[in-house]
Amino acid sequence: SQPQTPLRRRPKAMKPPKNHHKHHSDQTPILKLKPNRPITEILWVSLVATCIKFLLIPAYHSTDFEVHRNWLAITHSLPLSQWYSDETSPWTLDYPPFFAHFEHFLSFFASLVDPIMVHLQHGLNYKSQPTILFQRLTVIVSDFVLVFGIYRLTRNLGYKERVLIWVLVIFSPGLMIVDHLHFQYNGFLLGILLISLSALEEGKDLLGGFVFAVLLCFKHLFAVAAPVYFVYLLRHYCRGGLIRGFGRLVIMGSAVVAVFAAAYGPFLYHGQIQQVFHRMFPFGRGLCHAYWAPNFWVFYIILDKVLAFSLVKMGFSIQTPTASFTGGLVGDSSPFAVLPRVTPMVTFSIVLLAIAPCLIKAWKDPQPRMITRWIAYAYTCGFMFGWHVHEKASLHFVIPLAIISLKSVEDAKHYFYLSIVSCYSLFPLLFEAQEYPIKVLLLLLHATLMWIGFSSHFTTTHRKAAETEQTKYDKTRFIVGWFGKLYLLGLVAVEIYGQFVHPILFAERLPFLPLMMISIYCAFGMMYSWIWQLRQIIKLH
């Protein structure tokens, strides 16, 4: 056999240089601008929102301002064992331990700004300019937790989609009114919720459950969604057979127990755990808040009043209730003249029953892409049927629903109505004349941005697919129907009556009537939202 000669590669032909036919002046390198990263873009959006928040610093603030100032004083001046037992001020500490530690952390900086601010006795109703500026700034800075949460949820979306969602959330008029005028920390807490939801949507169930446990130790009212979290994590995280599933259940349970042990363990050690729970769950406050939140119980109360009035006219003897809707239960008395008394256990049972369809869906088919919708629906149920619900609690589901508002044109229409109704229901929180233009402009600006954003998104997204079918194009366009327009015009009519007609007709008499009209009218919108969400939960797969 002849020896084989080694194979040699054929030399590659020399390629002519690119643009060899062009003039030398055309060979100058072209600079390509790198697209901004989502984190850079959202920081610019939040910077604009922050400037608006700075303009609101001198505006009206409610008694919640003094509440949080007193919490700074309590946590700074007293040992941990006395935080939940101090009664120097009527505004006692009634949030879970992690929020108390948050106030304690802020109190160190507060003592440097103005020592009287954190003095337990001398600081009562203290409102120096440094105090106002400091407390306002703490809300503004803590809002960056919300910015981070919305960034995590939208960083993988297209540019237009994520910017529109950022505008809906970061410029939310409800958050502006409640946090940066009325004064609270809802943006900070909702940011923690969004971080948890982003982890669940990414399949990081352990992180999502852990962050939600942390949130419950900041504000326990978020526990309405706990059944959804439990069922979803049990079916989605603790799957894979008996041994693997049980192991994951132990891991998740250990993480949650560790969070609650860190929060409540020190108070258990000091023998204060019963006092902590007594402050956190004051069931004696009554079924409704002083200003009725627009939920199901508004209809229940009105029905009781109508029935009592009708029966009296028919000759029946109806005893006037001695208890109050807002003052809690007094012995065995009931605030209702005809209908059965409503207890905290009744409201708890109704909320759980209302959430049941969502729990069934989460059990049968736990999908990460559905978790935000499920959680928003759970908070809607808590708002509609819960005990002593504040009107501000509508933010718990309005903000998460902004995340899914671009899923379909129907979601966009629903969010358009809901966010307007929710914001308008918050108007009574700002009752002074100088803040009236602010809240109206915030709502009008929000509605205009929604209209432009949704119209642009759904027109450009679906135009190409619908050019051949005009009927399909009509279904995918963002159009407010005649019924929606009629309802929104009703909001305008209610506002005109309360601001201009009622003072002329009744002067100082019946001051509750405009507030009652807002509650009732907005309750119709909230009830529609609950029914619509329930229908979507049942329909979507």
Side-chain angles (χ1 to χ4, degrees), residues 165 168-169 172-175 177-178 186 190 193 197 221-222 224-225 228 292-300 302 347 350-351 353-358 361 370-386 389-427 443 446-447 450-451 454 478-492 494 517-540:
I165 293 176
L168 295 178
V169 175
S172 167
L175 282 176
I177 290 173
V178 175
N186 291 281
L190 286 167
L193 175 65
L197 292 177
L221 299 182
F222 283 94
V224 176
V228 180
W292 299 347
N295 59 14
F296 170 79
W297 300 117
V298 169
F299 302 118
Y300 193 82
I302 296 301
T347 61
I350 295 176
V351 169
L353 183 64
I355 299 177
C358 183
K361 283 281 186 176
M370 292 293 294
I371 189 62
T372 300
R373 189 183 298 274
W374 292 338
I375 296 301
Y377 172 74
Y379 286 127
T380 307
C381 294
F383 180 86
M384 293 303 299
F385 306 106
V389 175
H390 288 239
E391 65 283 349
K392 302 180 283 291
S394 63
L395 294 172
H396 293 181
F397 54 92
V398 170
I399 297 301
L401 285 173
I403 312 301
I404 60 175
S405 61
L406 300 182
K407 296 287 186 182
S408 69
V409 69
E410 294 301 323
D411 283 305
K413 290 179 182 179
H414 167 254
Y415 185 78
F416 182 79
Y417 298 131
L418 174 63
S419 60
I420 291 176
V421 173
S422 171
C423 179
Y424 180 68
S425 71
L426 300 173
F427 270 27
L443 178 55
H446 179 68
M450 281 196 300
W451 177 273
F454 289 151
F478 179 79
I479 301 175
V480 177
W482 66 268
F483 184 79
K485 292 177 182 177
L486 189 64
Y487 179 80
L488 295 178
L489 286 175
L491 287 179
V492 177
V494 170
M517 291 178 63
I518 294 175
S519 293
I520 295 173
Y521 196 79
C522 290
F524 281 105
M526 290 295 185
M527 183 61 72
Y528 162 78
S529 173
W530 174 72
I531 295 173
W532 186 90
Q533 290 183 62
L534 176 60
R535 180 172 171 268
Q536 292 297 105
I537 293 293
I538 296 173
K539 182 177 69 173
L540 292 179

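The basis for the numbers below is simple: all heavy atoms, side chains too, and nothing from hydrogens, waters or symmetry mates.
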Closest non-hydrogen contact found for Val351 with Gly386 is CG2-N, 3.9 Å
Sub-4.5 Å side-chain heavy-atom contact between Phe427 and Leu443: yes
Determine the minimum heavy-atom distance between Tyr521 and Leu486, stating which atoms define it. OH-O, 4.1 Å
Side chain proximity check, Thr380 to Leu534, heavy atoms < 4.5 angstrom: no
Flag side-chain contact, heavy atom, 4.5 Å: His446 against Cys423: no
For Trp530 and Phe385: C-alpha separation, side-chain torsions, deciding distance, then whether ring-ring contact (aromatic ring centres under 6.0 Å, His included) applies. CA-CA 11 Å; Trp530 174 72; Phe385 306 106; 5.2 Å; yes
Can you name the closest pair of heavy atoms from Asp411 and Arg373 and give their distance? OD1-NH1, 2.9 Å
Does some side-chain heavy atom of Leu197 sit less than 4.5 Å from a side-chain heavy atom of Ile403? no
Please check this pair: side chain of Ser529 against backbone of Leu418, looking for a donor-acceptor N/O pair closer than 3.5 Å. no
Where do Ser172 and Val398 land on the side-chain contact (heavy atoms from CB on, under 4.5 Å) test, with the steps shown first? CA-CA 9 Å; Ser172 167; Val398 170; 5.6 Å; no
Which pair of non-hydrogen atoms, one from Pro294 and one from Ala523, has the smallest distance, and what is that distance? CB-N, 3.5 Å
Apply side-chain contact (heavy atoms from CB on, under 4.5 Å) to the pair Gln536 and Tyr377, showing each step before the final yes or no. CA-CA 10 Å; Gln536 292 297 105; Tyr377 172 74; over 6 Å; no
Do the ring centers of Phe478 and Phe416 come within less than 6.0 Å of each other? yes
Test item: Lys413 side-chain N/O and Val480 main-chain N/O as donor-acceptor pair under 3.5 Å: no
So, taking the atom named CD1 in Ile177 and the one named CG in Asn186, what distance separates them when rounded to the nearest 0.5 Å? 12.0 Å
With heavy-atom distances below 4.5 Å as the criterion, would you say the side chains of Leu190 and Leu175 are in contact? yes
side-chain contact (heavy atoms from CB on, under 4.5 Å) between Leu488 and Leu491, intermediate numbers included: CA-CA 5 Å; Leu488 295 178; Leu491 287 179; 4.0 Å; yes
Roughly how far, to the nearest 0.5 Å, is OG of Ser425 from CH2 of Trp292? 15.5 Å
In the structure I gave you, are the side-chain heavy atoms of Trp297 and Val389 within less than 4.5 Å of one another anywhere? no
Any idea which heavy atoms bring Tyr424 and Cys522 closest together, and the distance? CD2-SG, 3.6 Å
Can you tell me how far the CD1 atom of Ile375 sits from the CE atom of Met370, to the nearest 0.5 Å? 11.5 Å
Are more than 12 heavy atoms, taken from residues, nucleotides or ligands other than Tyr487, located less than 6.0 Å from that residue's OH atom? yes
Does the Tyr379 side chain pair with the main chain of Phe222, one donor and one acceptor, at a distance under 3.5 Å? yes
Can you tell me how the ring of Phe296 sits relative to the ring of Tyr300, calling it parallel under 30°, perpendicular over 60° and tilted otherwise? tilted
Go through it in stages, so that I can follow the logic: the residues are Phe454 and Leu406, the test is side-chain contact (heavy atoms from CB on, under 4.5 Å), and I'd like the CA-CA distance, side-chain angles, deciding distance and then a yes or no. CA-CA 8 Å; Phe454 289 151; Leu406 300 182; 3.5 Å; yes
On a heavy-atom basis, the closest approach of Trp374 and Cys358 is CB-SG, 3.3 Å
Are His396 and Val224 side-chain neighbours, meaning at least one heavy-atom pair lies under 4.5 Å? no
Check whether any side-chain heavy atom of Ser422 sits under 4.5 Å from a side-chain heavy atom of Met526, and report yes or no. yes
